[in-house]
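Computed from a predicted structure; not experimentally measured. Counting starts at 1 for both ligands and their atoms, in listed order.
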Amino acid sequence: MPQSQVEAARLADGVWRQARIAPSGNPGQVILDGAMVVRDGLVAWIGSEAELPAEFRQAGLAQHDVGNRWITPGLIDCHTHLVYGGNRADEFAMRLAGASYEEIARSGGGIVSTVRATRAADEDSLFRQSARRLEALLAEGVTTIEIKSGYGLDLPAERKMLRVARRLGESYPVTVYTTFLGAHALPPEYKDRADEYIRLVCDQMLPALHAEGLVDAVDVFCENIGFSVAQSEQVFIAAGKLGLPVKMHADQLSNIGATQLATRYKALSVDHLEHLSEADVAAMQESGTVAVLLPGAYYFIRETKQPPLELLRRYRIPIAVSTDSNPGTSPSTSLLLMLNMSCTLFRMTTAEALMGVTGNAALALGKADRHGLLAAGRAADFVVWSVESLAELAYWSGLNPCSAIVRGGRFAAVSQKEMS
Ligand code: NIG
Ligand code: FE
């Protein structure tokens, strides 16, 4: 939806009635005869309809009878690489012929091929290419998204990616948080000079992009085919000097101590985690770091090692779920499909999956004070679902049961058929 349409979007003010509401996304804490009052972009009141205060019973307030449908907070996709040029369908074919993700990366393909396409695209083209992916995510009820840089790997191209991410947030009914992932891969011009590249990231790229207001958080791909623990630490130190929170692509293909480092720097989240150890999980508990699981990447690269769900549960680590939308390992634009996959592939419960894209995803962004909860005084970001039970959000694959999406108190989308 272009900017003009966002401004013109219809207000969702009034009383939302006859609703079953899961205010925090937790299916264990619901209001079965719920009502919610929306005013000036915010939730003005939420509770049992029988207790609706007199001031909201007056005639004249718009009435939105949702016919016993479910309402949850707007969904949050807390780990994406949504902005990039081109795609890697050719590499997909190579992998089908037997090449591994690591082999392709080591032979100059992989992330670096997307870097070439992203550098070559001008800002408008990058915006258009990314917008259609964003539109698909939003159609399923996403109202908040994190978007990383990391396919530019030089200052102008990283800036271009982050500017496009910001523009997407201004042009569509969604809140965008940007993450600088300059340490995603070694750009070809720095071959065999990784330490030098890390100095560029820390001393020039990050401070410049931060000064331009383009960075909300900092991420690093800490892995054998990414950056070492020592190099990753340099980036975290640079982020700390600017007061920026950190997170990490950790323990995806091997365990080189990524999570241990991330927890020492109080990372908001560590993401992927197939190779996470018990000592890592204990450290996460200490540092309050969220586990972000990415079943789309696990599925697409046909990983067989599962993230240690039982350990995460035992240590009561909040678990978020995200698309990791990216051209190499998770070309997915469906967060609902990730709910399904987190259950089928990782054996999460449907309740855990839903909390993973609402309250726990907000925690992973360090924004639990702003997103992932419907309460008086909070933003009116919510979705009305045509489902009998919340488990259906993780059950279907391909069906989109969104009836209405409201973001900032305005209709972002409504299915006429369902809401009539
Ligand atoms: O999250 N692991 C590193 N980054 C991406 C993959 C990026 C790519 O292959 O283009 C990920 O899986
Ligand atoms: Fe990722």
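Less than 2.8 Å away from the Fe ion (ligand 2), the protein contributes these N/O/S atoms: H79 NE2, H81 NE2, H249 NE2, D324 OD1.
Put simply, CZ on R316 and CZ on R314 are 12.0 Å apart, with the number rounded to the nearest 0.5 Å. Atom CD of E223 and atom OG of S228 lie 11.5 Å apart (nearest 0.5 Å).
Protein heavy atom at the shortest distance from atom 9 (O) of ligand 1 is Y101 OH, 2.5 Å. The nearest heavy-atom contact from the protein to atom 11 (C) of ligand 1 is D324 OD2, 3.3 Å. Nearest protein heavy-atom neighbour of atom 12 (O) of ligand 1: T329 OG1, 2.7 Å. Of all protein heavy atoms, the one closest to atom 7 (C) of ligand 1 is Y151 OH, 3.1 Å.
For T114, the heavy-atom gap to ligand 1 stays at 4.0 angstrom or more. By the 4.0 Å heavy-atom criterion, E223 is excluded from the residues contacting ligand 1.
The heavy-atom pair separating L399 from L336 by the smallest distance is O-CD1, 4.3 Å. Closest approach of L374 and D381 over heavy atoms only: CD2-O, 3.5 Å. Annotation for L138 and V142: closest pair CD2-O, 3.2 Å, computed over non-hydrogen atoms. Nearest heavy-atom pair, T143 versus G74, reported as atom, atom and distance to 0.1 Å: OG1-CA, 3.2 Å.
In this model, a donor atom of one side chain and an acceptor atom of the other lie less than 3.5 Å apart for T175 and R407. For the residue pair Y315 / E278, a side-chain donor-acceptor distance below 3.5 Å is found, with atom types taken as modelled.
The proximity of H184 to ligand 1, defined as any non-hydrogen pair under 4.0 Å, is limited to the side chain.
Remark: D154 engages R119, P156, A157 in a side-chain contact (heavy atoms from CB on, under 4.5 Å) (not counting sequence neighbours).
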Derivation and outcome, side chain to side chain donor-acceptor pair (under 3.5 Å), residues H79 and D324: CA-CA 5 Å; H79 175 141; D324 192 17; 2.9 Å; yes

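Residue-ligand proximity, Q252 to ligand 1, at heavy-atom distances under 4.0 Å covers atoms 2 (N), 12 (O). Annotation for ligand 1: atoms under 4.0 Å from non-hydrogen atoms of H272 are 1 (O), 11 (C), 12 (O).
Of the options R167, K160, R128, a salt bridge (Lys or Arg N to Asp or Glu O under 4.0 Å) to E123 is made by R167 and by none of the others.
Close N/O approach between R88 and ligand 1 is found [any backbone or side-chain N/O within under 3.5 Å].
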